[in-house]
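Report on one structure; see the data block that follows.
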Amino acid sequence: MKIGLSAAAFYGLMETEEQAAYIRRFPIDTCEIFLETHCEYTKSFGELVREKLGDMHCTSVHPKGTQFEPDIFARSMHQYHDGMKAFRGVLDSAQAIGAKYYVMHGPHSVSSRMTIDRIHQLQPRFAEMAGEAAEKGIELLYENVCWAALRTTDDVARLTELLPDIHFVLDIKQAQRAGVDPFDMLHAMGSRIRHVHLLDWDEQGRVCLPGQGCFDFPRLFDEMHQMDYDGTFLLEPYTTPPERENELLEALSYLRKTAKQAYGKPHRT
């Protein structure tokens with residue numbers, strides 16, 4: 001079990017390679033790099049990020065998939081080929097960084113009408129993506145997002161029916177925003193969870209750092225421990241300026257302490 005931090009915490013405040021250098025100062029076991037645009041989807045940029053990270057472990061990369069992932073599942077072959085070109089660039093960057101996972105959102109629609117069954121050529125194109133990722137030692141993980149096709153527990157069930165080998169990123173904040181109990185989403189994904197994104201929210205639904213809101217983190221860590229999850233719990237806050245660094249440190253400390261308490265208990269029979 002690892003506690004990590006997403007470089008997305010510093011999005012808009014510094015460039016990605018600067019985020020990589022900055023994140024090293026935090027007391028974390030691992031990180032996630034948010035690749036923001038096409039010039040970052042190259043082996044050379046990944047090598048730069050790896051250099052800036054130093055000895056810091058990187059579990060995953062999270063590209064700005066809205067730039068190209070929908071095109072991979074488009075009916076236009078021109079879009080498909082361009083989408084795959086960008087995807088391959090992300091894989092090159094991710095491999096150079098040393099990331100194990102690629103976090104995927106997939107197709108979406110502004111009207112929220114996108115569903116799993118509306119994704120064009122889902123099975124063959126996902127298989128192609130997964131195969132090319134595996135050749136570089138990377139696994140695709142599908143994340144639940146309130147504005148994309150994987151929003152509800154029914155979506156999870158349908159996706160696993162169509163893609164039997166699929167694994168997931170559980171994002172508790174995105175479940176809450178979709179009107180889904182995060183624990184229902186956890187149970188739906190079950191042992192297919194490979195990575196977890198964390199944030200908190202208050203009684204009005206406004207996002208905040210863990211420990212400042214009302215989400216039941218002790219229960220989350222307990223349930224994940226009982227199902228033998230040993231991956232990363234990643235704090236994924238939105239843009240957090242340097243003057244709030246102490247709040248980030250407090251949130252990371254809270255997560256580590258709470259996780260340690262849960263993971264220190266024996267399994268229930």
Side-chain angles (χ1 to χ4, degrees), residues 2-69 71-72 82-105 129 132-133 135-141 143 145 169 171 173 194-199 207 209 231-252 255:
K2 297 180 177 68
I3 299 296
L5 176 63
S6 171
F10 317 115
Y11 174 74
L13 301 174
M14 54 189 83
E15 299 294 351
T16 302
E17 68 273 22
E18 297 169 332
Q19 296 168 15
Y22 186 67
I23 207 168
R24 293 168 57 183
R25 67 194 295 166
F26 288 87
I28 52 178
D29 306 313
T30 188
C31 70
E32 180 173 282
I33 294 297
F34 179 53
L35 297 173
E36 301 174 10
T37 191
H38 292 272
C39 70
E40 300 181 357
Y41 305 159
T42 65
K43 178 182 177 181
S44 61
F45 187 79
E47 290 171 341
L48 174 61
V49 170
R50 180 68 267 166
E51 177 187 342
K52 297 296 185 181
L53 282 172
D55 295 332
M56 173 61 66
H57 181 267
C58 178
T59 296
S60 50
V61 297
H62 193 332
K64 191 177 180 183
T66 50
Q67 294 170 334
F68 63 90
E69 285 179 1
D71 289 343
I72 295 174
D82 279 352
M84 285 299 294
K85 180 179 179 181
F87 171 71
R88 291 175 182 126
V90 174
L91 293 182
D92 288 341
S93 186
Q95 184 182 43
I97 293 169
K100 182 179 181 180
Y101 298 129
Y102 171 113
V103 178
M104 174 178 173
H105 291 165
M129 295 172 72
E132 293 196 19
E135 289 176 1
K136 294 184 177 292
I138 299 166
E139 182 178 4
L140 265 62
L141 301 181
E143 182 177 29
V145 187
V169 179
D171 189 313
K173 162 192 80 268
R194 293 291 181 271
H195 193 47
V196 181
H197 282 172
L198 302 178
L199 202 56
V207 295
L209 292 170
T232 296
F233 292 99
L234 190 102
L235 174 58
E236 189 191 38
Y238 297 121
T239 302
T240 309
E243 57 266 28
R244 294 187 60 197
E245 182 176 315
N246 284 340
E247 292 182 59
L248 273 182
L249 291 170
E250 290 172 3
L252 289 166
L255 291 175

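- Counting non-hydrogen atoms of neighbouring residues, nucleotides and ligands closer than 6.0 angstrom, the NZ atom of Lys100 reaches no more than 12 such neighbours.
- Counting heavy atoms from C-beta outward, Leu248 and Leu209 have side chains that approach closer than 4.5 Å.
- Residues Gln19 and Glu36 bring a donor and an acceptor atom of their side chains to less than 3.5 Å of each other.
- Ion pairing between Glu40 and Lys64 fails under the 4.0 Å rule for side-chain N and carboxylate O.
- Summarising the geometry, atom CZ belonging to Arg25 is positioned 12.0 Å from atom CG belonging to Leu5; distances are rounded to the nearest 0.5 Å.
- Residues Gly46 and Ala96 approach most closely at C-CB, 3.6 Å, considering heavy atoms.
- To the nearest 0.5 Å, atom CG of residue Leu255 and atom CD1 of residue Ile28 are 12.0 Å apart.
- The residue from Met56, Lys2, His57 that alone fulfils the side-chain contact (heavy atoms from CB on, under 4.5 Å) condition with Cys31 is Met56.
- Taking both residues in full, the closest heavy atoms of Ile33 and Ala7 are given as CD1-CB, 4.1 Å, listed atom of the first, atom of the second, then distance.
- Residues Tyr22 and Glu17 have side chains that never bring a donor and an acceptor to within less than 3.5 angstrom of each other.
- For the atom pair OG1 (Thr42) and CG (Leu35), the distance works out to 9.0 Å, reported to the nearest 0.5 Å.
- Between the side chains of Thr30 and Thr232, no donor-acceptor pair of N or O atoms lies under 3.5 Å.
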* Steps toward side chain to side chain contact (heavy atoms under 4.5 Å, CB included) verdict (Lys173, Leu198) -> CA-CA 7 Å; Lys173 162 192 80 268; Leu198 302 178; over 6 Å; no
* List the steps, then state whether side chain to side chain contact (heavy atoms under 4.5 Å, CB included) holds for Met84 with Asp71. => CA-CA 8 Å; Met84 285 299 294; Asp71 289 343; over 6 Å; no
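- Looking only at side-chain heavy atoms (C-beta outward), Tyr102 and Val90 come within less than 4.5 Å of each other.
- Two residues are said to be in side-chain contact when any heavy atoms from C-beta on lie closer than 4.5 Å; Leu199 and Pro237 meet this criterion.
- In summary, the aromatic rings of Tyr41 and Phe87 are positioned with their centroids too far apart to meet the 6.0 Å limit.
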* To do: For the pair Leu53 and Cys58, evaluate side chain to side chain contact (heavy atoms under 4.5 Å, CB included) and give the outcome as yes or no after the intermediate values.
  => CA-CA 8 Å; Leu53 282 172; Cys58 178; 4.1 Å; yes
* To do: Go through Phe26 and Leu252 one step at a time and tell me if the side chain to side chain contact (heavy atoms under 4.5 Å, CB included) criterion holds.
  => CA-CA 9 Å; Phe26 288 87; Leu252 289 166; 4.1 Å; yes
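- For the pair Asp55 and Arg24, the salt-bridge criterion is not met [side-chain N within less than 4.0 Å of a carboxylate O].
- In this structure, Phe10 CZ and Ile23 CD1 are separated by 5.0 Å, a value rounded to the nearest 0.5 Å.
- Taking the centre of each ring, Tyr238 and Tyr11 stay at or above the 6.0 Å mark.
- Of all non-hydrogen atoms in Ile97 and Arg50, the two that sit nearest each other are O-NH1, 2.7 Å.
- You'll find the side chain of Pro63 stays beyond 4.5 Å of the side chain of Phe34, heavy atoms only.
- Using modelled atom types, one finds a donor on one side chain and an acceptor on the other under 3.5 Å when comparing Ser60 with His195.
- Residues Glu18 and Lys52 are not paired through a salt bridge, judged by the lack of any N-O separation under 4.0 Å between the basic side chain and the carboxylate.
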* Checking side chain to side chain donor-acceptor pair (under 3.5 Å) for the pair His105/Glu143: CA distance, chi angles, key distance, verdict? -> CA-CA 6 Å; His105 291 165; Glu143 182 177 29; 2.8 Å; yes
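- A donor-acceptor pair is defined here as one N or O able to donate and one able to accept, closer than 3.5 Å; no such pair exists between the side chain of Asp29 and the backbone of Gly4.
- With values rounded to the nearest 0.5 angstrom, Lys43 atom NZ is found 14.0 Å from Leu48 atom CG.
- In this structure, Ala94 and Ile138 approach most closely via the heavy-atom pair CB-CD1, 3.6 Å.
- For the residue pair Ser6 and Leu234, the shortest heavy atom distance occurs at CB-CD2, 3.6 Å.
- Distance OH/Tyr101 to CG/Leu141: 6.0 Å, rounded to 0.5 Å.
- Taking every heavy atom of both residues into account, Ala99 and Val61 meet most closely at CB-CG1, 3.7 Å.
- Here Glu247 pairs with Arg244 in a salt bridge; the nearest charged N to carboxylate O distance falls below 4.0 Å.
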